[in-house]
Trainee: 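I'd like to ask you about the structure that follows.
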Protein chains: 2
Amino acid sequence: MSNNSKESLRFPAAFKALSNPHRLALFYRLMNCCEPGTKCNAASAARFCVGDLGEGLNIAPSTLSHHLKELNRAGLVEMERRGKNVECWVEPEKLKSLSSFFQND
Amino acid sequence: MSNNSKESLRFPAAFKALSNPHRLALFYRLMNCCEPGTKCNAASAARFCVGDLGEGLNIAPSTLSHHLKELNRAGLVEMERRGKNVECWVEPEKLKSLSSFFQND
DNA sequence: ACTATTATTCGAAAAATGTCGAATAATAGC
DNA sequence: GCTATTATTCGACATTTTTCGAATAATAGT
């Protein structure tokens with residue numbers, strides 16, 4: 001009932017997912033949800049639909065889909081169908097986990 | 001005179017370098033320099049020589065060397081010859097950079 | 001100079017990854 | 001039910017990566 005198919009974050013898989021420039025760009029877009037310079041309201045995680053996320057990346061829809069699936073499987077990105085679109089977002093707690101991975105002090 | 005060939009950290013390259021399980025293990029060892037459970041003195045970055053770093057990883061010396069070179073080129077790991085050995089370490093500032101990459105708040 | 005130790009470079013082979021187009025699925029609106 | 005929109009799955013192919021062993025380099029000690 002509770003766990004709605006959200007993948008949990010595991011570091012090796014996460015870094016592997018971020019190792020591709022396209023996937024890193026996609027993740028970065030979701031991380032920095034608002035326009036460059038501005039800051040998101042921490043409360044509302046920004047959502048992009050798949051098509052919009054790939055905007056400007058010059059990759060085929062099938063490739064885009066593949067990359068988002070990888071990000072999702074790595075536990076970095078959540079996805080949920082909403083009508084014709086599939087919405088994607090990053091849970092803030094995932095960012096915290098990643099951030100603290102590198103803080104050994 | 002000043003810049004002693006230390007590669008600067010760039011995120012896409014860094015995540016790519018960390019995408020391999022062996023390289024992640026090597027980096028993790030250097031990050032968490034002391035024995036599991038204990039904490040390093042922040043002042044003294046721990047150093048491993050190449051051979052010791054690869055201990056237990058079951059990879060050929062040539063493979064180990066290759067991976068460390070990649071970590072170095074990505075700006076994650078510093079390397080310096082000291083006698084017969086080559087010492088490796090992680091600059092604490094690199095960890096800070098990586099950590100803050102994920103903190104967009 | 002010779003030997004032992006430690007690490008790197010250099011191919012080469014096997015495995016994994018990134019990419020696409022075509023076909024398929026899921027949904028919404030008519 | 002048909003059509004349009006949005007996204008995914010499924011091969012297939014090209015590229016990249018991982019890995020190794022053999023040869024080479026760098027250093028220290030005898």
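By convention in this document, chain letters (A, B, ...) are assigned in the order of the sequence lines, proteins followed by strands, and residues within each chain are numbered from 1.
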Trainee: Could you state the atom-to-atom distance from NZ of B/K69 to C1' of D/dT18 in whole Å?
Mentor: 15 Å

Trainee: For B/H66 and D/dT17, what is the distance between atoms NE2 and C1' respectively, to the nearest whole Å?
Mentor: 7 Å

Trainee: Among the nucleotides C/dA22, D/dG21, C/dG18, which one has an atom lying closest to any side-chain atom of A/R23?
Mentor: C/dG18

Trainee: Do the rings of A/F15 and B/F15 sit parallel, tilted or perpendicular, given the 30° and 60° boundaries?
Mentor: parallel

Trainee: Taking for each residue the nucleotide of DNA chain C with the nearest heavy atom, is it B/L68 or A/L64 whose nucleotide lies nearer the 5' end?
Mentor: B/L68

Trainee: Using a cut-off of strictly less than 4.0 Å, decide whether A/N85 has a side-chain nitrogen or oxygen near OP1 or OP2 of D/dT5.
Mentor: no

Trainee: Measure from the side-chain heavy atoms of A/V50 and tell me the nearest of D/dT8, D/dC20, C/dG21.
Mentor: D/dT8

Trainee: Between C/dG18 atom C1' and A/L24 atom CG, what is the distance in whole Å?
Mentor: 16 Å

Trainee: Rounded to the nearest Å, what distance is computed from the CD atom of residue A/E70 to the C1' atom of nucleotide D/dT8?
Mentor: 14 Å

Trainee: If only atom types and distance count, is the side chain of A/T63 paired as donor or acceptor with the main-chain N or O of A/I59 below 3.5 Å?
Mentor: no

Trainee: Using whole Å, what does the distance between atom P of nucleotide D/dA25 and atom CZ of B/R81 come to?
Mentor: 13 Å

Trainee: Check the distance between C/dT6's C1' and B/E87's CD and give it to me in whole angstrom.
Mentor: 13 Å

Trainee: Can you classify the ring geometry of B/F101 versus B/F11 as parallel (below 30°), tilted (30 to 60°) or perpendicular (above 60°)?
Mentor: tilted

Trainee: B/L76 and side chain to side chain contact (heavy atoms under 4.5 Å, CB included): which single residue from B/V90, B/L26, B/L18 fits?
Mentor: B/L18

Trainee: Report yes if at least one side-chain N or O of B/H22 is closer than 4.0 Å to OP1 or OP2 of D/dT19; otherwise report no.
Mentor: yes

Trainee: Using atom types as modelled and distance alone, determine if a side-chain donor or acceptor of A/R23 lies under 3.5 Å from a backbone N or O of A/A17.
Mentor: yes

Trainee: Looking at C/dG18, I'd like to know if its phosphate oxygens (OP1 or OP2) sit under 4.0 Å from a side-chain N or O belonging to A/N20.
Mentor: yes

Trainee: Reckon A/K84 has a side-chain N or O less than 4.0 Å from the OP1 or OP2 of C/dA25?
Mentor: no

Trainee: Should A/R82 be listed as having a side-chain N or O under 4.0 Å from OP1 or OP2 of C/dT27?
Mentor: no

Trainee: Within this structure, what is the CD-to-P distance between B/E80 and C/dT6, rounded to whole angstrom?
Mentor: 19 Å

Trainee: Under the 3.5 Å rule, do the base of C/dG18 and the side chain of A/T63 count as making a donor-acceptor pair?
Mentor: no

Trainee: Take the protein atom CE of A/M79 and the nucleotide atom P of C/dA25, then report the distance between them rounded to whole Å.
Mentor: 19 Å

Trainee: C/dT19 phosphate, OP1 or OP2: any side-chain N/O from A/H67 under 4.0 angstrom?
Mentor: yes

